[in-house]
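Here is the structure we will look at.
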Amino acid sequence: MSPTSWRGAVMAVVLSLCGCVGASGGALLTAALNTGIAVGASAASRSQGGCYASCPVGTTCNKTTGYCDPLPCRGECDPFQECIEERLTYRCVARSPGSGKIIVNPPAEQKPSDAPTAEQKPADPQP
């Protein structure tokens, strides 16, 4: 029997069994079929280097283990914040620069102005 006809025969049996939804085994058969599909999809995802399941928000896929690992602070911090985890709680805090000095309002760059200073005198008007 060729692989194509074998596959067709298996599909025919599965579809005929799914059509026989009785009180005794219909739900069990449907659950077994859905579990088989889920296992196949999970195996396909993992074989391509992904996780076993799609990772929810706040987690990232660990390609080594195949599981979803939580991000620090579940990914809720802004780019200018860092996550501080203390015991069982976490919070986002503003980052401090490496020097330790925080400049709230940095001075604007001073450009040479056209206005005369005290040392300069305006030029005398020419007749």
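For the atom pair OG (Ser42) and CD1 (Ile37), the distance works out to 13.5 Å, reported to the nearest 0.5 Å. Distance check, rounded to the nearest 0.5 Å: CG of Asp69 to SG of Cys55 gives 8.0 Å. Summarising the geometry, atom CG belonging to Leu33 is positioned 11.5 Å from atom CG belonging to Leu28; distances are rounded to the nearest 0.5 Å.
Side-chain N or O atoms of Ser45 include none that pairs as donor or acceptor with a backbone N or O of Gly50 at under 3.5 Å.
Listed by first then second residue, pairs satisfying side chain to side chain donor-acceptor pair (under 3.5 Å) with a partner in residues 74-87 read Glu86-Arg91, not counting sequence neighbours.
Distance check for Cys61 and Cys68: the SG atoms are not under the 2.5 Å cut-off. In this structure, Cys83 and Cys73 have their SG atoms less than 2.5 Å from one another.
Considering every non-hydrogen atom in both Cys51 and Tyr67, the closest pair reads SG-O, 3.5 Å.
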